[in-house]
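Working notes, beginning with the structure itself.
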Amino acid sequence: MRQFFVFIIITIFCGVLHAQGIGELAPDKDPIVFPPNAYGLDIMFGEGGFGLGGFYRRDLAKDLTGFIDLSVSEAKDENEFEYVDPYTGETYTYGKKNRVLLLPVNFGVQYRLFSESLSDNLRPYINIAAGPATVVTTPYDMEFFTSFKKAQARYTAGGYIGVGANFGLEQKSTLGINLRYYIIHFFDEGVESLSGRFQKNLGGFYITLNLGILY
């Protein structure tokens with residue numbers, strides 16, 4: 001899985017460098033003025049599984065954007081291994097005590113790279129964010145939705161750093177991809193995913209597809 005994330009980030013940077021070379025040969029054009037506000041949906045694929053989120057962005061200055069986002073995704077211990085029951089075909093994780101769900105709210109800034117040399121069709125950026133996080137645990141031996149009757153919530157802080165790009169010249173919608181590394185840290189023993197094993201640091205790499213509306 002980690003190799004896949006490395007491949008994605010290398011692909012993004014190669015695309016940036018290739019587009020930069022093309023941009024140097026193209027004649028100068030007036031830059032496109034995109035609407036200053038955006039909101040939309042984040043679709044997340046990470047080491048812990050699938051996640052969903054939402055975002056709001058607002059331009060603060062040339063090449064600098066402020067944003068807030070929130071998401072929900074599952075976290076897994078690095079020692080978790082799924083097995084398939086040969087009789088029922090169901091998957092299970094040996095020794096797993098709790099499901100762990102991450103619900104962070106992050107405030108951050110995004111800085112556009114190479115705005116003077118690249119076409120507006122490719123707008124790479126770096127971003128950084130931090131904020132409060134809620135971590136919810138539910139019993140693994142109960143059905144997923146039923147287990148929320150015994151859910152327990154913990155509160156801490158977290159954030160992420162990332163690199164990504166927005167694509168296209170559309171001025172009413174936005175499409176982008178962002179590779180992020182999340183960290184959510186507990187200042188006590190943490191949460192118990194596998195029986196007897198507590199985690200203080202949660203998070204990991206996520207590939208995030210951004211779909212939004214500009215206005």
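Connection of Tyr155 to Leu101 is not established within any shared hydrophobic cluster, with ILVMFWY side chains joined at heavy-atom distances below 4.5 Å, either directly or through further cluster members. Residues Phe67 and Tyr56 do not share a hydrophobic cluster, defined by chaining ILVMFWY side chains whose heavy atoms lie under 4.5 Å apart. A single hydrophobic cluster is seen to contain both Met44 and Leu102, as judged by linkage of ILVMFWY side chains at heavy-atom distances under 4.5 Å, directly or through other members. Transitive grouping of hydrophobic side chains (ILVMFWY, heavy atoms separated by less than 4.5 Å) brings Leu64 and Ile161 into a common cluster. Tracing side-chain contacts under 4.5 Å through hydrophobic residues (I, L, V, M, F, W, Y), one never reaches Leu41 starting from Tyr39; they form parts of separate clusters.
Screening Thr208, Asn178, Asp69 for a side-chain hydrogen bond (donor to acceptor under 3.5 Å, both in side chains) involving Tyr160 leaves a single residue, Asp69.
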Inset, instruction - Determine, stepwise, if the pair Val191 / Asn98 fulfils side chain to side chain contact (heavy atoms under 4.5 Å, CB included). - result: CA-CA 9 Å; Val191 293; Asn98 294 305; over 6 Å; no

Inset, instruction - Quick one: do Gln171 and Ile32 satisfy side chain to side chain contact (heavy atoms under 4.5 Å, CB included)? Show the steps, please. - result: CA-CA 9 Å; Gln171 293 177 275; Ile32 294 176; 3.6 Å; yes

Legend entry - Derivation of the side chain to side chain contact (heavy atoms under 4.5 Å, CB included) call for Leu70 and Leu103: CA-CA 7 Å; Leu70 53 88; Leu103 294 87; over 6 Å; no

Legend entry - side chain to side chain contact (heavy atoms under 4.5 Å, CB included) between Arg180 and Asn106, worked out: CA-CA 12 Å; Arg180 303 171 180 172; Asn106 288 299; over 6 Å; no

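Between the side chain of Glu192 and the backbone N or O of Gly196, at least one donor-acceptor pair lies under 3.5 Å. Counting only distance, with no hydrogens or angles, the side chain of Asp188 and the backbone of Gly190 share a donor-acceptor pair below 3.5 Å. A donor-acceptor pair under 3.5 Å is absent between the side-chain atoms of Thr138 and the main chain of Phe148, judged by distance alone. Gln110 places no side-chain N or O within 3.5 Å of a backbone atom of Asn127 that could act as its donor or acceptor partner.
Salt bridge annotation for Arg197-Glu78: present, with a cationic side-chain nitrogen under 4.0 angstrom from a carboxylate oxygen. Using a cut-off of 4.0 Å between Lys/Arg side-chain N and Asp/Glu carboxylate O, Arg112 and Asp120 are scored as salt-bridged. Salt-bridge formation is not detected for the pair Glu74/Arg99: no Lys NZ or Arg NE/NH1/NH2 atom is positioned less than 4.0 Å from an Asp or Glu carboxylate oxygen.
Counting only heavy atoms from C-beta outward, the side chains of Leu175 and Leu209 approach each other to under 4.5 Å. In this structure the side chain of Phe167 reaches within 4.5 angstrom of the side chain of Leu122, judged on heavy atoms.
Ring pair Phe50/Phe45: centre-to-centre distance below 6.0 Å.
Atoms CZ and CG, on Phe198 and Asp77 in that order, are 11.5 Å from each other to the nearest 0.5 Å. Here the straight-line distance linking atom CD of Gln199 with atom CD1 of Ile184 works out to 11.0 Å at 0.5 Å rounding. For the atom pair NZ of Lys96 and OG of Ser195, the computed distance is 11.5 Å after rounding to the nearest 0.5 Å. Considering OG of Ser147 and OH of Tyr140, their distance stands at 11.5 Å, rounded to 0.5 Å. A distance of 11.0 Å separates CD1 of Ile43 from CD1 of Ile177, quoted to the nearest 0.5 Å. To the nearest 0.5 angstrom, Leu118 atom CG is 9.0 Å from Leu113 atom CG.
Contact record, Arg123 with Tyr125: O-CD2, 3.7 Å, taken as the closest heavy-atom pair. When all heavy atoms of Pro104 and Tyr182 are compared, the pair lying nearest together is CG-CE2, 4.4 Å. Residues Asn166 and Gly176 approach most closely at OD1-CA, 3.8 Å, considering heavy atoms. Residues Asp42 and Phe55 share a closest heavy-atom pair of OD1-CD2, 3.3 Å. Taking both residues in full, the closest heavy atoms of Pro35 and Tyr215 are given as CB-O, 3.3 Å, listed atom of the first, atom of the second, then distance. Between Phe107 and Pro132, the closest heavy-atom pair is CE1-CD, 4.3 Å.
Heavy atoms from other residues, nucleotides or ligands lying under 6.0 Å from OH of Tyr111 number 12 at most. By the 6.0 Å contact criterion, NZ on Lys149 is open, its count of non-hydrogen atoms from other residues, nucleotides or ligands being 12 or less.
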